[in-house]
Amino acid sequence: MKILAITTAFSYLIDCIEKFVLPGRFMSWHHSLQLLLSKQKSSHYLRLNVIAFAIFVITEWFAFFNKDSNSSLVISASFLACNAIFTHIK
C-alpha cells in the first residue's frame with residue numbers, strides 16, 4: 001500500500017507538470033471547451049492545483065503512515081478518478 005500511496009501522489013504531480021510546464025497548449029484547449037472559464041488566467045488554475053495537491057499529499061501522508069486503515073488512500077484515488085472524469089474527459 002505504501003507504493004500505491006507514493007505512486008498516486010507522483011501521478012498527480014506529473015499531470016500538473018504536463019499541464020503547466022510542457023508546451024501542450026492545455027489552457028487554450030480547455031478554454032475552447034469550457035467557454036465560461038475562458039477568461040480565467042493560468043494563475044487561477046495554478047492556485048487550484050496547488051491547493052488540490054496539498055490536500056492530496058495530506059491524505060496520502062495518512063495512507064503512508066497508517067497501517068490499519070486505507071481510507072485516506074481511497075479518498076486520494078477517488079479524487080484522481082473524479083478529476084479525470086469531470087475535468088479531462090469531454
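These numbers come from the heavy atoms of this one structure, side chains and all, not from hydrogens, waters or symmetry mates. Numbers here simply count residues along the sequence, with the first being 1.
In this structure S78 satisfies the side chain to side chain contact (heavy atoms under 4.5 Å, CB included) test together with V74, sequence neighbours excluded. By the ring-ring contact (aromatic ring centres under 6.0 Å, His included) test, F65 is found to be paired with W61, residues two or more places apart in sequence or in another chain being considered. With sequence neighbours excluded, no residue satisfies side chain to side chain contact (heavy atoms under 4.5 Å, CB included) with L48.
In the hydrophobic clustering of this structure, I14 does not group with F53; members are Ile, Leu, Val, Met, Phe, Trp, Tyr whose side-chain heavy atoms approach within less than 4.5 Å, directly or through other members.
Grouping Ile, Leu, Val, Met, Phe, Trp and Tyr residues whose side-chain heavy atoms lie under 4.5 Å apart, directly or via other members, places I51 in a hydrophobic cluster with I55.
Within the 4.5 Å cutoff, the side chain of N49 has heavy atoms near those of the Y12 side chain.
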